[in-house]
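Read the structure below first, then the notes.
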Amino acid sequence: MASLLDNLNPEQLAAVTLPAESALILAGAGSGKTRVLTTRLAWLLQTGQVTQSGILAVTFTNKAAKEMLTRLSAMLPINTRGMWIGTFHGLCNRFLRAHYRDAALPQTFQILDTSDQLAAIKRLLKALNVDDEKFPPREMQHFINGNKEAGHRAHAVEAWDDYTRKRVELYAEYDAQCQREGVVDFPELLLRSYELLERNEPIRRHYQSRFRHLLVDEFQDTNRLQYLWLKLLAGHASDSPAAVFAVGDDDQSIYGFRGAEVGNMRDFEREFKVPCVIRLEQNYRSHGNILDAANAIIANNSKRLGKNLWTDQGSGEPIRVYEAVADLDEARWIVEEIQQLVRDGASRSDIALLYRSNAQSRVLEHQLFSLGIPYRVYGGLRFFERQEIKHALAYLRLLANPDDDTAFSRVVNFPTRGIGARSLEQLQDAARTYNTSLYATVSHLSGKPALSVGSFVRLIEEMRHATEGLPLPEIVDHVLDASGLRAHYKAEREGEERLANLGELINAATNFVYEDGIPVEGEEAVAGDPLSRFLSHASLEAGDHQADAGQEAIQLMTVHAAKGLEFDVVFMSGLEDGLFPHENSITSLEGLEEERRLMYVAVTRARKRLYLSLAQSRMLHGQTRYAIKSRFFVEIPEALLKWLTPRVQQGFGAVHSPNRNYDVQDHATSRLNAPRQNGRDLGGFRVGQAVKHARFGSGVIVAAEGSGADARVQVNFGAGVGMKLLALSVAKLEAE
């Protein structure tokens with residue numbers, strides 16, 4: 001017994017050895033949550049308070065369930081096979097397999113994954129002759145799943161207009177189709193399990209008497225139906241409810257967009273009349289300055305259950321902050337800093353680059369690729385491998401080379417334009433007969449295939465004519481509209497991120513034009529038009545530098561993907577209002593508080609060193625946007641921050657204040673953001689020169705970027721005007 005409880009801190013020990021009653025364990029980031037949960041399970045078994053068959057433990061991932069079983073086997077000499085430990089979906093699947101007749105399912109019912117479910121919805125819409133433009137399949141999938149996760153069958157969904165009534169009708173038809181075919185989707189597993197427990201008293205009583213201890217991990221991520229299922233299984237309204245050991249952190253509830261309800265924790269405390277709330281506040285991951293920053297940020301949220309992380313590992317290093325002139329400068333600085341860290345002995349695998357949205361990875365990937373640094377995109381695809389980007393590139397490839405059959409096949413019917421499989425088969429057969437490309441073969445077709453596929457060829461020809469002579473970014477922009485890709489993703493409920501990635505493709509083209517025009521000593525100009533060179537560039541970046549399995553690599557990921565992970569060094573980029581916190585969230589208190597919890601998660605991923613960075617200007621959808629610092633900076637105490645930005649930029653962009661303590665001697669500073677003027681055409685101007693502007697008056701150039709027509713200068717116009725970033729081709733500055 002002593003060995004089982006050894007090395008637990010007082011709060012962990014109190015949680016593990018609680019009596020058989022419901023409890024809420026508020027487990028802060030890095031506080032040993034998994035250890036407490038597993039040790040509690042082992043302690044209950046070892047002390048004989050419950051048998052293996054009397055425990056049900058719920059995790060949110062299969063990986064977490066396997067880890068719990070592995071740790072439990074190491075703690076006790078038992079065979080864990082057969083124990084009810086798994087995810088909500090896994091446990092409900094097991095329950096329904098045992099009671100398939102009562103659940104009105106065939107014994108061999110199959111489970112539809114997300115893509116299978118979408119295909120089933122598309123098939124239903126086609127069979128019912130429903131316009132999938134008016135009722136997009138992904139929209140219907142979201143509608144069906146959202147209602148199931150709220151516990152609503154079609155007959156219980158309120159419909160106030162004809163459109164919603166039609167969606168409810170399609171929801172009912174979809175359920176009927178699944179029942180006929182003997183299949184269930186993921187939300188159905190939980191909903192049908194809940195309905196069976198609710199209506200079948202003998203089965204409900206059996207499981208309520210069997211499972212006397214329910215242990216729940218990541219309780220803050222439960223949705224409403226999951227919470228109702230737990231209440232029913234625990235017999236919360238009975239005279240002898242089961243003991244629910246709920247472990248979670250309301251400060252790390254970041255999945256509201258998936259239906260997670262952080263309010264479940266408060267409801268649990270109230271409805272189960274929880275006598276004991278234990279706070280695990282000692283952090284074993286991060287140094288003190290990092291934790292102090294996290295505590296200061298999250299303290300601004302209301303309705304918290306409340307806790308304050310601390311560590312006995314010392315304060316550690318200050319949090320480094322870097323403000324770049326533009327997003328490209330930010331990416332360059334991050335990558336150069338990483339190079340220095342690696343030279344100083346840091347492992348690439350212990351360095352993470354975090355960002356709020358996937359579209360931000362493109363500029364970071366480009367810098368890593370340019371310097372030959374291996375990297376790995378965690379929990380997602382690299383920029384040029386994402387579906388929407390590959391679709392857009394396929395259209396661009398057809399403009400450059402209409403005989404590209406791979407590109408043709410990818411987008412001939414995407415977005416859908418009524419070209420059937422039979423028409424495409426006839427086209428492919430004819431292409432083999434004539435030994436020509438698919439594009440060229442269209443002219444040999446007749447009948448319906450000639451009409452349907454011919455319209456696609458005309459679309460490509462119209463795009464080629466419309467984009468002739470346009471700059472590369474404008475070509476990309478036009479193709480995104482003319483192809484229908486933008487309209488397609490706008491119609492998707494969750495298409496916002498794909499639209500952001502398409503906008504970033506325009507930025508990639510804009511930056512490519514600039515970099516493509518920079519002469520490289522000892523190299524001749526690359527042959528071909530800008531579009532062909534850009535497509536070659538995209539193929540090269542897509543094909544190289546993603547690290548091989550087992551290879552040390554820099555980790556790139558969104559903050560959402562980083563939850564549950566930890567790294568020695570963390571870079572949090574793009575800390576600007578509208579980006580992080582996201583512009584879709586800052587207009588509501590609820591949305592802003594979830595963004596703040598997301599920032600809390602980002603900060604607490606770092607063990608030893610944390611960098612925060614922002615850019616004064618950022619390319620969005622091919623246009624330059626001037627940003628202000630994230631409001632999260634204001635929430636971090638000044639004493640915890642070390643600004644790396646040179647004094648020459650002080651006061652610009654409403655980011656710095658006179659009392660900031662800059663350290664321009666830091667090894668990352670003068671190397672990174674000093675103006676790079678050598679060989680640069682600034683139209684006769686130079687940094688340090690006095691200039692005059694017709695509107696802003698007299699000022700001094702304090703920094704510069706770009707060259708020739710793309711050159712921009714940062715000018716301090718003094719009191720009343722401040723710093724301005726001006727394009728030399730537009731600003732019409734005069735030397736004084």
Side-chain angles (χ1 to χ4, degrees), residues 320 322 324 326-390 393 497 500-501 504-505 507-508 511-512 515 534 536-575 579-580 601-602 605-615 618-619 668 671-672:
R320 291 162 166 80
Y322 184 82
D327 50 356
L328 285 175
D329 296 316
E330 179 192 30
R332 273 195 294 265
W333 173 78
I334 288 173
V335 174
E336 289 180 22
E337 185 71 9
I338 285 172
Q339 287 181 307
Q340 184 61 49
L341 288 167
V342 172
R343 283 194 292 268
D344 291 342
S347 166
R348 290 193 188 97
S349 300
D350 282 332
I351 301 173
L353 274 64
L354 307 186
Y355 33 83
R356 174 62 181 84
S357 59
N358 272 309
Q360 291 172 253
S361 78
R362 202 275 311 168
V363 66
L364 294 167
E365 288 186 60
H366 175 66
Q367 291 301 320
L368 291 165
F369 168 82
S370 299
L371 294 174
I373 300 173
Y375 67 90
R376 184 176 293 109
V377 178
Y378 183 94
L381 296 172
R382 288 177 295 168
F383 181 79
F384 285 109
E385 292 178 343
R386 293 167 191 163
Q387 178 204 89
E388 60 277 13
I389 299 302
K390 291 178 77 70
L393 291 175
E497 189 168 285
N501 284 332
E504 186 60 30
L505 184 63
N507 298 346
N511 292 331
F512 176 79
E515 294 181 352
F534 176 64
S536 297
H537 158 80
S539 297
L540 288 171
E541 286 213 11
D544 286 343
H545 290 292
Q546 176 84 336
D548 297 329
Q551 182 184 9
E552 273 205 355
I554 306 302
Q555 310 294 305
L556 273 68
M557 66 195 77
T558 63
V559 183
H560 281 103
K563 187 172 180 290
L565 303 177
E566 56 187 74
F567 305 90
D568 282 350
V569 180
V570 168
F571 289 83
M572 181 65 238
S573 62
L575 277 168
L579 196 57
F580 195 13
V601 168
R605 296 314 92 196
R607 288 192 287 252
K608 299 177 181 178
R609 184 178 286 194
L610 175 64
Y611 292 88
L612 307 177
S613 64
L614 68 155
R618 189 172 296 275
M619 289 285 289
R671 189 180 78 239
L672 271 304

For Arg605, enumerate each residue passing the salt bridge (charged side-chain N to carboxylate O under 4.0 Å, His left out) test, keeping only those at least two apart in sequence or located in another chain.
none
Ser573 side chain vs Leu614 backbone, donor-acceptor pair below 3.5 Å
no
Could you pull out all residues at least two apart from Gln339 that satisfy side chain to side chain contact (heavy atoms under 4.5 Å, CB included)?
Glu336, Arg343, Leu371, Ile373
Indicate whether the side chain of Asp344 and that of Gln340 have a donor and an acceptor atom separated by less than 3.5 Å.
yes
Polar side-chain atom of Glu552 near backbone of Ser347 as donor-acceptor pair, under 3.5 Å
no
Closest contact, heavy atoms only, Asp350 versus Phe567:
O-CB, 3.5 Å
Evaluate side-chain contact (heavy atoms from CB on, under 4.5 Å) for Asn507 paired with Arg618, printing each intermediate quantity in order.
CA-CA 10 Å; Asn507 298 346; Arg618 189 172 296 275; over 6 Å; no
Do Glu365 side-chain atoms and Phe383 backbone N/O form a donor-acceptor pair below 3.5 Å?
yes
Stepwise side-chain contact (heavy atoms from CB on, under 4.5 Å) check, Tyr355 with Thr558:
CA-CA 5 Å; Tyr355 33 83; Thr558 63; 3.7 Å; yes
Under the salt bridge (charged side-chain N to carboxylate O under 4.0 Å, His left out) rule, collect the residues that match up with Arg348, sequence neighbours excluded.
none
Answer yes or no: is there a donor N or O on one side and an acceptor on the other, between the side chain of Asn358 and the main chain of Glu497, under 3.5 Å?
no
Phe580 meets the ring-ring contact (aromatic ring centres under 6.0 Å, His included) criterion, sequence neighbours left out, with Phe632
Starting from the C-alpha separation in whole Å, work towards a yes-or-no answer on side-chain contact (heavy atoms from CB on, under 4.5 Å) for Gln555 and Ile351.
CA-CA 6 Å; Gln555 310 294 305; Ile351 301 173; over 6 Å; no
Side chain to side chain, Met572 and Val559, heavy atoms closer than 4.5 Å
yes
Parallel, tilted or perpendicular: which one describes the rings of Phe534 and Phe384, with boundaries at 30° and 60°?
perpendicular
Could you check whether the rings of Phe571 and Trp333 sit parallel, tilted or perpendicular, using 30° and 60° as the cut-offs?
perpendicular
Identify, with sequence neighbours excluded, every residue that meets side chain to side chain contact (heavy atoms under 4.5 Å, CB included) alongside Lys608.
His287, Asp568
Note: Glu504 and Met619 closest approach over all heavy atoms is OE1-O, 4.2 Å
Might you point out which heavy atoms bring Leu579 and Gly574 nearest each other, and give the distance in Å?
CD2-O, 3.5 Å
Closest approach of Asn501 and Ala359, non-hydrogen atoms and distance?
OD1-CA, 3.0 Å
Shortest non-hydrogen contact from Ala615 toward Asp327:
CB-N, 3.6 Å
On a heavy-atom basis, the closest approach of Ala562 and Leu354 is CB-CD2, 3.9 Å
Heavy-atom check, side chain of Met557 versus side chain of Leu565, under 4.5 Å:
yes
Can you tell me how far apart CG (Leu556) and CD (Gln360) are? Round to the nearest 0.5 Å.
11.0 Å
If we count only N and O atoms by modelled type, under 3.5 Å, do the side chains of Arg609 and Tyr611 hold a donor and an acceptor together?
yes
Leu368 side, atom CG; His366 side, atom NE2 - distance, nearest 0.5 Å
10.5 Å
Could you list the residues that satisfy salt bridge (charged side-chain N to carboxylate O under 4.0 Å, His left out) with Lys390, not counting sequence neighbours?
none
List the steps, then state whether side-chain contact (heavy atoms from CB on, under 4.5 Å) holds for Tyr375 with Ile338.
CA-CA 12 Å; Tyr375 67 90; Ile338 285 172; over 6 Å; no
